[in-house]
Amino acid sequence: MADILKQLAEVLAERKNADPESSYVAKLHSKGLDAILKKIGEEATETVMAAKDGKADKIIYETADLWFHTMVMLSNQNISHEDVLNELARRFGMSGLEEKANREES
């Protein structure tokens, strides 16, 4: 399933500098980071509301939107989804409390 993230990242990279009139992703990039972050905030709120409603199909839909827009932000910042997956892998098997304590020491 990680292949879909790779495919999405490739499409986002292609559309990053496309014509904003022909691509939603290019339009977001043309508006700048603040617009992308605002969209992530909106999608996060919609995801929370869907979870509160408890309807799995809405939760899945809104989470997909949140992940998509987060991927746009990563693309904007020239960060790979693989960097995030590597960070999750690094944390795997470590307690959340331990991970947080390690961050606070840095």
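One-based numbering along the sequence shown.
- Checked against salt bridge (Lys or Arg N to Asp or Glu O under 4.0 Å), E82 has no partners two or more places apart in sequence or in another chain.
- In terms of hydrophobic clustering, with Ile, Leu, Val, Met, Phe, Trp and Tyr side chains grouped at heavy-atom distances under 4.5 Å, L33 and V25 are assigned to a common cluster.
- The distance from atom CG of D3 to atom CG of L8, rounded to the nearest 0.5 Å, is 12.5 Å.
- Between atom CD of residue E43 and atom NZ of residue K39 there is a gap of 4.5 Å, rounded to the nearest 0.5 Å.
- Checked against I36 for a side-chain contact (heavy atoms from CB on, under 4.5 Å), the options M73, K31, Q77 give a single hit: M73.
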One pair to check against side chain to side chain contact (heavy atoms under 4.5 Å, CB included): N86 and R90. What are the steps and the verdict? CA-CA 6 Å; N86 288 337; R90 183 189 70 79; over 6 Å; no
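- The distance from the CD atom of E10 to the OG atom of S75 is 12.0 Å, given to the nearest 0.5 Å.
- Ring centers of Y24 and H69: under 6.0 Å apart, within the cut-off.
- Across P20 and K27, no two heavy atoms sit closer than the pair O-CB, 3.7 Å.
- Looking at residues two or more places apart in sequence or on another chain, you find a side chain to side chain contact (heavy atoms under 4.5 Å, CB included) between L74 and M71, I79, V84.
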Test side chain to side chain contact (heavy atoms under 4.5 Å, CB included) on F68 and I40; report intermediate values, then the result. CA-CA 9 Å; F68 174 85; I40 291 172; over 6 Å; no
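- For D19, the CG atom counts as densely surrounded, since its 6.0 Å shell holds more than 12 non-hydrogen atoms of other residues, nucleotides or ligands.
- Contacts classified as salt bridge (charged side-chain N to carboxylate O under 4.0 Å, His left out) and involving residues 47-69 (residues at least two apart or in different chains) are given here: D53-K58.
- Residue H29 forms a side-chain contact (heavy atoms from CB on, under 4.5 Å) with just one option from L12, N17, V72, and that option is V72.
- Hydrophobic clustering (ILVMFWY, side-chain heavy atoms < 4.5 Å, transitive): L66 and M49 are in distinct clusters.
- Considering OG of S23 and NZ of K16, their distance stands at 12.5 Å, rounded to 0.5 Å.
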